[in-house]
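To start, the structure itself, in structure tokens.
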Amino acid sequence: MWDLPDAAPPPICVAVAGDRSCELAGRLADLVVVGDPQQELISAFDCHGGTGKPGVGQLPICHDTDRDAAITRAHDRFRWCCGGWPVIHAIRQRFLVETACLNAVS
């Protein structure tokens, strides 16, 4: 954030997926975001100082007046979300390896 608004600054949200992110969110965030509804994440967030702070569930959706366009967009942008963190992590790792290899040869 480069500038603060004249009014109160917006709340800082941190998405969590494990204990390290829950610790960071509990200490520093105004609210927690979870994409995988696991009680362990909320408990860890609370344990690290998040008790009483709001939580938000993340649910990716696509809307379009054209049903087929919405389905195509959902498959393109959210194909990773249904498998939870293990899938997201695996995709991220593969992307990083592929990117590193491409950069090494260019």
Give me the atom names and distance for the closest heavy-atom approach of Asp30 to Pro10. OD2-O, 4.3 Å

Taking all non-hydrogen atoms of both residues, which atom of Ala17 and which atom of Ser21 are closest, and how far apart? N-OG, 2.9 Å

Check whether more than 12 heavy atoms from other residues, nucleotides or ligands sit under 6.0 Å from atom CZ of Arg27, and answer yes or no.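 Buried by this count: over 12 neighbours within 6.0 Å.
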
Residues which pass side-chain hydrogen bond (donor to acceptor under 3.5 Å, both in side chains) with Gln38, listed by chain and number, not counting sequence neighbours: Asp36

Check whether any side-chain heavy atom of Val14 lies under 4.5 Å from a side-chain heavy atom of Val32, and answer yes or no. no

What pairs with Asp64 under salt bridge (Lys or Arg N to Asp or Glu O under 4.0 Å), at least two apart in sequence or on another chain? Arg73

Show every donor-acceptor pair shorter than 3.5 Å between a side-chain atom in residues 41-49 and any protein atom, with sequence neighbours excluded, or say none if there are none.
{"residue": "Ser43", "atom": "OG", "partner": "Gln39", "partner atom": "O", "Å": "3.1"}
{"residue": "Ser43", "atom": "OG", "partner": "Gln39", "partner atom": "NE2", "Å": "3.2"}
{"residue": "His48", "atom": "NE2", "partner": "Asp19", "partner atom": "OD1", "Å": "3.4"}

